[in-house]
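One structure below.
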Amino acid sequence: MKITSEALSDVGRKRKGNEDAHAVNPEQGLYVVADGMGGHAAGEVASRIAVEGIEEFVTLTAGNQEITWPFGLDETISYDGNRLKTAIRHANRRVLEATRESAELEGMATTVAAVLIEGEVAHLAHVGDSRIYRWSDDELTLLTSDHSWVNEQIQTGVISPEQARSHPLRNVVTRALGGRADLLVDVQALRMKEGDILLLCSDGLTTMISDEEIAGTLRSSGGDIGRAAQALVDEANEHGGEDNITVVLMKFEE
Ligand code: CA
């Protein structure tokens, strides 16, 4: 299946620096968004190390069936699912190593949302509150469940999704690269079809605009992902642009 993609990252209207990072690597079928956290520009370092670490592992293991799995093999998921999951755990180790080497980087962390393509199958993985959505048959579906404090409160019925959007703790993630060495990564696989679009984004998009607004923008863009990427970033900025905004859009065509 042919994939076209568009990526856009914007500092937003309130922040001085952009702590998001992303990768678009069609050769490897790899697409990543990472959202860094930490003082003194450490967030920028964390997200960049994570993206580079993931790209490095995926590239090194391309076409190589003789991989030594540094964290063991998960037999419940496919070979490429394992590659993506291991790439993220490898990147986690890189972030932790960098944290130990420099006092200034202590406490830095990053989210990750990543897609690895193998034929018609998209392997999806995430850690933290960066998200992956699918646009298919005029319908938007959120494929990931945020590893965040507010999402846990929503799941247990303590607060509503509406309350979560303005909650003072809405930025608190419960899982991130740079935290635990034995990082848990959520992985799934989906068969894609012609006309489908995947959206990877940082929370600078989803804390500013709702899923209904994202769906409306994808609908009115009529499959033009370049136009959609720009419109999504513009809308997040029009709603306040309180955080860095990164979107990666992938369109699946025959
Ligand atoms: Ca963010």
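Order of listing sets the numbers, starting from 1, for every ligand and every atom in it.
If you look at Asp203 and ask which of its N, O or S atoms sits nearest the Ca ion (ligand 1), the answer is OD1. The Ca ion (ligand 1) lies closest to atom OD2 when only the N/O/S atoms of Asp243 are considered. For Asp35, the N, O or S atom with the smallest separation from the Ca ion (ligand 1) is OD2.
In this structure, Asn244 CG and Thr246 OG1 are separated by 6.5 Å, a value rounded to the nearest 0.5 Å.
Looking at heavy atoms from C-beta onward, Val115 lies in side-chain contact with Met250 at the 4.5 angstrom threshold.
At most 12 heavy atoms of other shown residues, nucleotides or ligands fall within 6.0 angstrom of atom CZ in Arg180.
Ring-plane geometry between Phe57 and Trp69 is classed as tilted, the angle between the planes lying from 30 to 60 degrees on a 0 to 90 degree scale.
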